[in-house]
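Inspection log for the structure reproduced underneath, given as structure tokens.
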2 protein chains.
Amino acid sequence: MAATQTARARVRAELTNEIVSAAREELASTGAAGLSLRAVARRLEMVPSALYRYFPSRDALLTALIVEAYEAVGMAAADADGRSGRNPADRWNAVCTAVRGWGHDHPNEWALVYGSPVPGYQAPQDTVEAALKVTRVIAGIFADAIPSGTPAPGRLPAAPDTMAAVVGPIEAELLPGRPPEAVAWVVMAWTGLIGMVSLELFGHYEGATTDFQQVFAYNMGALGHLAGVG
Amino acid sequence: MAATQTARARVRAELTNEIVSAAREELASTGAAGLSLRAVARRLEMVPSALYRYFPSRDALLTALIVEAYEAVGMAAADADGRSGRNPADRWNAVCTAVRGWGHDHPNEWALVYGSPVPGYQAPQDTVEAALKVTRVIAGIFADAIPSGTPAPGRLPAAPDTMAAVVGPIEAELLPGRPPEAVAWVVMAWTGLIGMVSLELFGHYEGATTDFQQVFAYNMGALGHLAGVG
DNA sequence: GTCTATAACAAGATAGAC
DNA sequence: GTCTATCTTGTTATAGAC
């Protein structure tokens with residue numbers, strides 16, 4: 001029985017993967033909002049109802065796609081970080097480039113996770129944890145660059161006394177012992193990275209510059225520098 | 001004849017507005033991707049084909065909505081700027097608050113313009129011009145704060161020599177005579193503002209902080225300060 | 001001329017019987 | 001798993017009212 005079980009389980013896992021792959025292809029052609037279980041089934045030459053054995057609803061399939069996308073960006077970021085030596089500025093630069101590169105290679109998956117929320121879809125907790133992967137990589141770089149217990153970096157304006165409590169959750173989880181200005185500014189660095197790639201992919205810099213890549217590199221560099229990296 | 005003409009034109013303009021309003025209401029409930037001509041017609045108790053007298057296609061209606069949204073944020077930004085005195089730091093702060101406030105009041109319209117592109121929709125030139133409204137307000141504040149011909153602000157890292165040409169289009173149009181570092185960083189300020197509101201509205205800061213408004217205020221303040229405002 | 005309504009089309013989604 | 005009947009969608013052709 002054990003052998004049968006595992007064989008069945010293996011086939012099941014394989015098919016589950018195939019379904020997610022087909023859904024990913026669908027996503028690439030139709031966008032997130034128009035993703036339908038039926039289209040995925042058609043692509044696999046299966047009947048729609050058969051998919052329900054593997055995913056109880058369209059939302060469950062969507063969740064799988066979202067988690068997969070978050071893990072892929074997170075992996076791209078972590079890989080780039082790992083390959084880039086020990087200098088925090090280099091690491092931050094490498095991560096920015098990798099995240100942007102991933103976005104360019106997977107624009108629809110990027111839109112799925114960082115774009116408008118899909119109407120009617122409620123994100124379960126799994127996706128929140130997966131989303132943290134990139135954040136952890138980024139926070140790790142800044143945590144290494146800013147020694148614990150240092151005063152606020154002089155380049156940044158002083159934060160009000162209340163800020164420490166406000167950013168407490170992030171500090172405790174990702175940047176223990178770092179000053180509130182630094183914590184807030186790491187949030188800004190993350191926001192700047194995701195925001196800039198989003199606005200680029202969504203077409204908002206069209207015609208604004210002759211070489212966007214260079215503006216991106218400069219701005220990410222400045223963002224990191226001001227936070228204490230390099 | 002002139003009277004008849006204008007009477008007809010007035011009625012026509014009124015109905016056009018009513019259609020856009022109905023579409024806006026539809027948008028609020030179903031989201032951008034699910035916006036259907038038929039649903040708009042139903043809401044107005046008209047027959048779908050009648051709408052084609054006013055808008056040649058669903059995309060044209062979408063364009064009208066997008067332009068309207070861009071103009072509304074732009075107006076909110078310009079109003080806040082106008083009411084906030086002459087101090088650039090106050091003006092930048094007021095604009096950030098106003099833009100964020102508009103986003104909170106109109107989350108679906110925000111997603112329509114700054115979120116994922118609607119699949120299959122090609123933005124015409126009208127939307128690009130409308131999108132520039134907020135940008136012009138922001139650039140105006142920084143242009144007033146950074147005198148023309150000044151050297152690069154010392155707080156920002158120096159840009160490579162090639163940057164001047166790269167950001168030339170923005171410089172010429174919005175920040176004539178300002179150094180490339182400043183131009184790039186104004187792009188960053190704009191990106192930070194739009195990015196932070198987007199990620200907030202799309203739920204990416206959920207649980208991260210006890211008072212997001214404060215983090216927002218601090219980060220926007222720092223972004224502006226570093227660019228030379230305040 | 002200007003508008004609205006009816007009807008139809010090809011897609012595609014959905015529900016349910018078998 | 002299959003089949004069918006019924007529902008959407010954007011869009012057009014056509015006919016008639018003002």
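In what follows, chains are A, B, ... by sequence order, proteins preceding strands, each numbered from 1. Side-chain atoms are counted along with the backbone in the values below, which use heavy atoms only and exclude waters and symmetry mates.
- Here salt bridge (charged side-chain N to carboxylate O under 4.0 Å, His left out) pairs that include residues 66-75 of chain B, with residues two or more places apart or in two chains, are R24(B)-E68(B).
- Across all strands shown, L51(B) has no heavy atoms under 4.0 Å from either base or sugar-phosphate atoms.
- Contact annotation for Y54(B): backbone-only contact, meaning every heavy-atom pair under 4.0 Å involves sugar-phosphate atoms and none involves a base.
- Residue contacts for R42(A): at a heavy-atom cut-off of 4.0 Å it reaches the sugar-phosphate backbone alone, with no base atom in range.
- Applying the salt bridge (charged side-chain N to carboxylate O under 4.0 Å, His left out) definition to pairs two or more places apart or across chains, none involves residues 204-217 of chain B.
- For P48(B), taking side-chain heavy atoms from C-beta onward, the closest of the listed nucleotides dT11(D), dA5(C), dG1(D) is dT11(D).
- For the side chain to side chain donor-acceptor pair (under 3.5 Å) condition, the pairs that include at least one residue of residues 124-133 of chain A, sequence neighbours left out, are E129(A)-R136(A).
- Below the 3.5 angstrom threshold, one finds no donor paired with an acceptor across the side chain of S57(B) and the base of dT11(D).
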With a 3.5 Å cut-off and sequence neighbours excluded, list the donor-acceptor pairs that the side chains of residues 31-46 of chain B form with protein atoms.
residue	atom	partner	partner atom	Å
S36(B)	OG	A39(B)	N	3.0
R43(B)	NH1	E25(B)	OE1	3.0
R43(B)	NH2	E26(B)	OE2	3.1

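- Near DNA chain D, meaning a heavy atom under 4.0 Å away, the residues from residues 27-39 of chain B are L35(B), S36(B), L37(B), R38(B).
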Can I get a per-line list of side-chain donor-acceptor pairs under 3.5 Å for residues 107-124 of chain B, giving both atom names and the distance, sequence neighbours left out?
residue	atom	partner	partner atom	Å
N108(B)	ND2	L27(B)	O	3.3
W110(B)	NE1	S198(B)	OG	2.9
S116(B)	OG	S116(A)	N	2.9
S116(B)	OG	S116(A)	OG	3.3
Y121(B)	OH	T63(B)	OG1	2.6

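- Neither OP1 nor OP2 of dG1(C) sits under 4.0 Å from any side-chain N or O of R53(B).
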